[in-house]
Amino acid sequence: MRERLSEVLLRARYAAIGAAIGAAIGSVFSRNAASTGGAIGGLVGATAADTRGTIEDLLETVEEYDPRSKTADTE
């Protein structure tokens with residue numbers, strides 16, 4: 001449960017940061033661009049958080065099967 005909650009909070013944090021950056025960049029042009037930039041930035045941030053979690057899981061799996069990641073003592 002704690003792991004799932006931390007994933008959700010991480011995704012929300014990345015989405016909020018992405019939305020803020022997108023809105024800041026869009027506000028240079030107009031109000032409508034700020035709104036659109038915030039929405040797109042939020043999607044990009046949430047996607048980045050999901051990708052980060054997937055990559056960490058993938059790296060753990062690769063390390064598990066990689067013979068170079070084991071020490072000489074375990075062989």
Here the pair of heavy atoms bringing G26 nearest to A33 is O-CB, 3.4 Å

Just by distance, do the side chain of S35 and the backbone of N32 share a donor-acceptor pair under 3.5 Å? no

What is the minimum heavy-atom distance between A49 and R11, and which atoms define it? CB-CA, 3.5 Å

Side-chain heavy atoms under 4.5 angstrom apart, residues restricted to Ile, Leu, Val, Met, Phe, Trp, Tyr: same cluster for I40 and I17? no

Minimum-distance pair of heavy atoms, taken over all atoms of Y14 and G45: CB-O, 3.2 Å

To the nearest 0.5 Å, tell me how far R4 CZ sits from L9 CG. 10.5 Å

